[in-house]
Colleague: 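One structure, pasted below without further comment.
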Amino acid sequence: MKIIKCKDALEVAKEAAELFEREIRKNPHLVLGLATGSSPIGIYDQWIADVRNKKISFQNVTTFNLDEYVGLDQNHPQSYYYFMQEHLFRHIDLPQDHIHIPYAQKNHLKKSCKSYSEALEQTPIDLQLLGIGANGHIGFNEPGTSFKQKTFIVNLTEQTRKDNQRFFTDLSEVPHQAITMGIAEILKAKKIVLVATGKNKADAVRKLLSEEVTTDFPASALHQHPDVTVFVDEDAMVLSS
Ligand code: F6R
C-alpha cells in the first residue's frame, strides 16, 4: 500500500485526479469504479475543469459506481444516481450508456445485485476510487462483511446512517439499506485509489495504516491487494504520525 501525504483536501483532490487522468491517457477505454459522498467531490471538480479545458476526455471511459440507497427514486436529490449526475456526469463527455449504478428500487433488489455482479464480471474494473467510512467501510461494506462478498443488499449501521444524516434533513429520512458492490469485487479492480481527508477520518486512517487485517475493519481488506494508493491530508493523519 502506497501512502501519499498531502497538505490538505485540495491537494489530495488534485493529486488523485491527476493519477486518474494519467491512467485514462494511457488507456482511453479505461473502466473506472466511482464513489459518492464528500471525499470524491474535489476530484470530480478537477475532472470537470480538465474536460472543459480539453485536457482529458471521458468519451470512451466506462464507469461503475460502488453503491446506491435502497428505495430512493433516481430523481431524489440524495440518491447516488442524482449525486453522480449533479457532481460529475452531466458536466463531462462520458456517454450516459457507459454509466453503471446499482438499480435499488424495492421490487428489483435481488435481480439488480445479480445483474450488477454479472456486469462486473464481464467488464472488470481497471481503476477503483474509494472513500472510507469512519467505521472503515468501503463501498457500503460494513464491519463484519466477508472479504468474499459480491454485490449485495446491506443493512446500514446506525453509525453510517448518522454519518450520512448531514446530507438529509432528518435521520429518519436516511435509508436503512443500500446495494453495494462487494469487497471481492472491489479487490478485483486492477488498481485502487483511496482518499481520506479531515479529522473525522483520522481514526479510520490510523487503523488502516496499522496493517491489521480483519473483517471488523473492512478497508483492511485492501492490504490483500497488490496495487493500492492512499491519498491522505494532514488532518486525516493526526493520529498516525
Ligand atoms: C460512497 C461510498 C462510501 C463513502 C464513505 C465516506 O459511494 O461508497 O464508502 O466513500 O462513506 O463518505 P464521505 O466521503 O462522505 O466521508
Side-chain angles (χ1 to χ4, degrees), residues 8-10 12-13 16-17 32-45 63-70 72 74 76-89 99-104 113 116 120 125 127-145 147 149-168 174-187 189 192-205 207-208 217-222 228-233 235-236:
D8 53 22
L10 192 64
V12 165
L32 294 182
L34 297 180
T36 54
S38 314
S39 304
I41 290 179
I43 297 173
Y44 296 163
D45 287 346
T63 64
F64 283 86
N65 263 82
L66 282 165
D67 37 26
E68 178 60 286
Y69 285 121
V70 165
L72 295 191
Q74 288 185 333
H76 188 292
Q78 299 314 330
S79 78
Y80 285 165
Y81 178 89
Y82 190 94
F83 175 102
M84 290 307 299
Q85 293 294 341
E86 284 301 299
H87 287 282
L88 183 65
F89 295 150
I99 293 167
H100 302 81
I101 300 181
Y103 183 71
C113 293
Y116 213 65
L120 287 167
I125 291 174
L127 178 53
Q128 174 69 54
L129 174 60
L130 296 175
I132 184 170
N135 64 1
H137 71 221
I138 47 174
F140 271 141
N141 292 277
E142 298 282 34
T145 309
F147 293 173
Q149 184 68 54
K150 292 189 175 177
T151 303
F152 73 117
I153 307 156
V154 60
N155 294 321
L156 300 173
T157 63
E158 280 314 290
Q159 179 175 355
T160 295
R161 291 186 63 248
K162 280 186 194 144
D163 286 347
N164 288 358
Q165 182 185 343
R166 67 189 192 281
F167 299 112
F168 294 81
V174 185
H176 288 265
Q177 290 187 311
I179 288 184
T180 184
M181 207 186 273
I183 294 178
E185 291 157 335
I186 292 173
L187 292 180
I192 297 177
V193 169
L194 183 146
V195 293
T197 60
K199 288 200 174 105
N200 61 334
K201 297 295 167 69
D203 194 44
V205 167
K207 286 187 182 135
L208 180 64
F217 188 73
S220 68
L222 299 175
V228 177
T229 304
V230 178
F231 289 90
V232 279
D233 71 352
D235 283 346

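Counting starts at 1 for both ligands and their atoms, in listed order. Numbers here simply count residues along the sequence, with the first being 1.
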Colleague: So, the side chain of K150 versus the backbone of E185: is there a donor-acceptor pair under 3.5 Å, distance only?
Modeller: no
Colleague: Distance only, no hydrogens: is a donor on one side chain within 3.5 Å (strictly under) of an acceptor on the other, for Q159 and N135?
Modeller: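 Judged by distance alone, the side chains do not pair up.
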Colleague: Starting from the C-alpha separation in whole Å, work towards a yes-or-no answer on side chain to side chain contact (heavy atoms under 4.5 Å, CB included) for L129 and L32.
Modeller: CA-CA 8 Å; L129 174 60; L32 294 182; over 6 Å; no
Colleague: Using a 4.0 Å heavy-atom cut-off, which part of T36 comes near ligand 1: side chain, backbone, both, or neither?
Modeller: both
Colleague: So, S79 and Q74: side-chain donor and acceptor under 3.5 Å apart, yes or no?
Modeller: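 No, Q74 and S79 have no side-chain donor paired with an acceptor closer than 3.5 Å.
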Colleague: Under 4.0 Å, counting heavy atoms only: does M84 come that close to any atom of ligand 1?
Modeller: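 Under 4.0 Å: no for M84.
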Colleague: Looking at atom 14 (O) of ligand 1, what's its closest protein heavy atom, distance included?
Modeller: S39 OG, 2.5 Å
Colleague: Give the residue, atom name and distance (to 0.1 Å) of the protein heavy atom nearest atom 11 (O) of ligand 1.
Modeller: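 Here the closest protein heavy atom is H137 NE2, 2.6 Å.
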Colleague: Pick one: which of Y80, Y103, F167, Y82 meets ring pair (Phe, Tyr, Trp, His ring centres under 6.0 Å) with Y69?
Modeller: Y80
Colleague: Return the residue, atom name and 0.1 Å-rounded distance of the protein heavy atom closest to atom 16 (O) of ligand 1.
Modeller: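 Of every protein heavy atom, K201 NZ, 2.6 Å lies nearest to atom 16 (O) of ligand 1.
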Colleague: Which is closest to atom 3 (C) of ligand 1 in terms of heavy atoms, G139, G133, G37, G131?
Modeller: G139
Colleague: Is there a donor-acceptor contact under 3.5 Å linking the side chains of N65 and Y81?
Modeller: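 No, Y81 and N65 have no side-chain donor paired with an acceptor closer than 3.5 Å.
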Colleague: Heavy-atom contacts under 4.0 Å between I132 and ligand 1: side chain, backbone, both, or neither?
Modeller: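 It is the backbone that touches ligand 1; the side chain stays farther off.
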Colleague: Of the choices T180, N141, D67, which has the non-hydrogen atom that lies closest to atom 7 (O) of ligand 1?
Modeller: D67
Colleague: Considering only heavy atoms of S38, which atoms of ligand 1 have at least one such atom less than 4.0 Å away?
Modeller: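 With S38 as reference, the close atoms of ligand 1 come out as 13 (P), 14 (O), 15 (O).
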Colleague: Using a 4.0 Å heavy-atom cut-off, say whether E142 meets ligand 1 through its side chain, its backbone, both or neither.
Modeller: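 E142 to ligand 1: no contact under 4.0 Å from either part.
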Colleague: Could you walk me through whether T180 and T151 pass the side chain to side chain contact (heavy atoms under 4.5 Å, CB included) test, one step at a time?
Modeller: CA-CA 5 Å; T180 184; T151 303; over 6 Å; no
Colleague: Taking only heavy atoms of L66 into account, list the atoms of ligand 1 that are under 4.0 Å away from them.
Modeller: 8 (O)
Colleague: Check whether the ring centres of F64 and H100 lie less than 6.0 Å apart, and answer yes or no.
Modeller: yes
